[in-house]
2 protein chains.
Amino acid sequence: MRTPGSVTKQAILVAARERFAADGYERATIRAIAADASIDPAMVIRYFGSKEKLFAAAADFQLLLPDVGTLPREELGARLVGHFLTRWQEDETLLALLRAGATNDAAAARLREIFADQVGPVVARLVPDPREAARRAGLVATQILGFALCRYALKLPPVVALSDAEVLGWLGPTVQRYLLGD
Amino acid sequence: MRTPGSVTKQAILVAARERFAADGYERATIRAIAADASIDPAMVIRYFGSKEKLFAAAADFQLLLPDVGTLPREELGARLVGHFLTRWQEDETLLALLRAGATNDAAAARLREIFADQVGPVVARLVPDPREAARRAGLVATQILGFALCRYALKLPPVVALSDAEVLGWLGPTVQRYLLGD
DNA sequence: GAGTCTAGACAACACTTGTTGACCAGACCG
DNA sequence: CGGTCTGGTCAACAAGTGTTGTCTAGACTC
């Protein structure tokens with residue numbers, strides 16, 4: 001049972017994520033998104049109310065972090081980096097959030113929310129003290145988001161050139177230390 | 001001997017950096033910059049030709065990295081992190097570049113340039129092989145820019161809450177390893 | 001078959017953007 | 001004094017923005 005209209009609504013969401021990821025919030029125009037979805041700009045407003053609400057709908061994102069209980073404790077850093085790596089490549093929503101978050105406050109708030117709600121609890125299961133867990137989660141964020149920024153947004157050549165294995169080898173120990181070290 | 005006109009030109013540049021740092025490239029309007037500098041928008045164009053050229057002029061930035069030859073080898077990471085930390089706080093140009101670079105290609109190119117021209121050579125003096133030096137410089141960039149992104153742009157609470165000493169303690173070893181480790 | 005409802009198209013609105021050109025005041029130089 | 005140059009204001013332009021209202025075609029219900 002497919003709800004009618006949801007097909008174009010989904011098409012709009014896909015186009016919106018693409019545009020937001022490629023251009024950021026301000027430069028991604030409703031007209032361009034509508035054109036990508038082969039539809040009239042008015043329909044975008046009809047379905048989502050406004051550009052802000054469209055972004056909010058498009059920015060709904062799940063990190064799908066693995067259960068840290070089942071992972072070997074010494075490999076946590078590398079595993080997490082690997083998870084982020086694939087998650088980043090298979091879903092451009094994160095890039096949209098990152099690009100938009102640099103200039104748009106709602107997007108930044110959404111990113112804060114994601115890290116608080118989805119990364120925080122995972123780290124909290126490793127570190128008892130909630131204050132320290134939050135700090136460690138924040139440190140992980142600096143490395144993960146920084147890597148994504150340099151590779152996918154700024155496209156720094158040496159960072160783009162890294163193989164997945166090299167990324168694991170370099171960032172893995174860093175994240176491992178931020179999670180459990182010292 | 002002060003060249004006349006340079007005073008307002010400087011005022012425009014200051015206002016431009018502020019706006020670009022606060023709002024990013026697209027949302028920082030020439031009108032707002034002109035208003036901050038208490039001047040007519042037309043003058044901004046008169047002095048700089050276009051918004052793009054204004055940004056290019058405002059984004060002229062020197063990292064002023066210390067001479068790594070004079071620093072103790074074991075403290076390199078912490079020293080570099082400390083230098084970036086103060087440099088970031090005393091000059092908002094870097095934040096302007098970061099915010100704009102997330103969505104604007106010219107700004108991203110400028111950031112790539114800065115890291116290639118200013119960070120690259122420093123690392124090259126520590127690492128003989130130029131390819132490996134570039135890779136290590138890129139890794140440093142992921143951590144430094146990621147930290148700045150989370151603290152100054154996204155304002156992740158746990159990252160904002162870190163004291164300077166804590167930042168040195170956590171990021172120092174990471175940068176140290178990226179520079180000389182493994 | 002008449003009536004209703006929905007997806008969609010089209011044009012338009014009000015506004016903001018970067019940018020341009022015409023005009024003006026004053027300083028400076030002969 | 002007359003002329004020129006500099007720093008500046010003002011109003012306007014063309015283009016692009018998000019958003020709204022009006023209309024149409026078709027499907028579905030009674």
Side-chain angles (χ1 to χ4, degrees), chain A residues 1-59 96 99-107 110, chain B residues 1-59 96 99-107 110:
Chain A
M1 55 153 225
R2 62 197 166 96
T3 56
S6 78
V7 41
T8 56
K9 196 167 179 178
Q10 287 302 318
I12 295 174
L13 277 177
V14 169
R17 288 200 191 96
E18 254 173 57
R19 283 288 177 177
F20 284 132
D23 300 335
Y25 183 80
E26 355 278 343
R27 286 183 42 208
T29 71
I30 285 194
R31 281 173 167 84
I33 293 169
D36 285 3
S38 312
I39 216 172
D40 192 273
M43 291 308 294
V44 177
I45 300 289
R46 268 261 229 274
Y47 274 118
F48 294 95
S50 71
K51 186 182 180 181
E52 272 190 40
K53 290 179 190 165
L54 168 64
F55 181 81
R99 275 235 163 84
T103 51
N104 184 279
D105 210 40
R110 184 83 190 88
Chain B
M1 58 151 225
R2 61 199 167 97
T3 55
S6 77
V7 41
T8 56
K9 195 167 179 177
Q10 287 302 318
I12 295 174
L13 276 177
V14 169
R17 280 192 263 261
E18 253 173 56
R19 284 287 177 178
F20 284 132
D23 300 335
Y25 184 80
E26 356 278 343
R27 286 183 42 208
T29 71
I30 285 194
R31 280 172 168 83
I33 293 169
D36 285 3
S38 313
I39 217 173
D40 192 273
M43 290 310 293
V44 178
I45 300 289
R46 266 261 232 276
Y47 274 118
F48 294 94
S50 71
K51 187 181 180 181
E52 271 190 40
K53 290 178 190 165
L54 168 64
F55 181 80
R99 275 233 163 86
T103 51
N104 184 279
D105 210 40
R110 185 82 189 87

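Proteins come first, then strands; the chains are lettered A, B, ... in the order of their sequence lines, and each starts at number 1.
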* Determine: side-chain N/O of T8(B) to OP1/OP2 of dG8(D), distance under 4.0 Å, yes or no. =>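 Affirmative; the distance criterion is met.
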* Asked: What string of B, S and - do you get for nucleotides 16-24 of chain D, 5' to 3', if B is base contact, S is sugar-phosphate-only contact and - is no contact with any protein heavy atom under 4.0 Å?
  -> -BBBBBB--
Distance-only check: which donor-acceptor pairs under 3.5 Å involve side-chain atoms of residues 24-35 of chain B, not counting sequence neighbours?
unit_1 : atom_1 : unit_2  : atom_2 : d
Y25(B) : OH     : E52(B)  : N      : 3.4
E26(B) : OE2    : T103(B) : OG1    : 2.9
R27(B) : NH1    : T103(A) : O      : 2.7
T29(B) : OG1    : A32(B)  : N      : 3.0

* Asked: Please give, in whole Å, the distance from dT19(C) P to I33(B) CD1?
  ->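 Going from I33(B) (CD1) to dT19(C) (P), I get 11 Å.
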* Asked: Taking atom P of dG18(C) as reference, at what distance in whole Å does atom NZ of K53(B) sit?
  ->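 From K53(B) NZ to dG18(C) P: 16 Å.
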* For A57(B), all residues meeting side-chain contact (heavy atoms from CB on, under 4.5 Å), sequence neighbours excluded ->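 So A57(B) forms a side-chain contact (heavy atoms from CB on, under 4.5 Å) with L13(B), F48(B).
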* To do: Identify, with sequence neighbours excluded, every residue that meets salt bridge (Lys or Arg N to Asp or Glu O under 4.0 Å) alongside R19(A).
  =>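 R19(A) satisfies salt bridge (Lys or Arg N to Asp or Glu O under 4.0 Å) with D23(A), D36(A) only.
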* R17(A): side-chain hydrogen bond (donor to acceptor under 3.5 Å, both in side chains) partners, not counting sequence neighbours ->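 If we apply the side-chain hydrogen bond (donor to acceptor under 3.5 Å, both in side chains) test to R17(A), skipping adjacent residues, the hits are T93(A).
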* To do: Quick one: pull up CZ in R99(A) and CG in N104(B) and give me the separation to the nearest 0.5 Å.
  =>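 If we round to the nearest 0.5 Å, R99(A):CZ and N104(B):CG are 10.5 Å apart.
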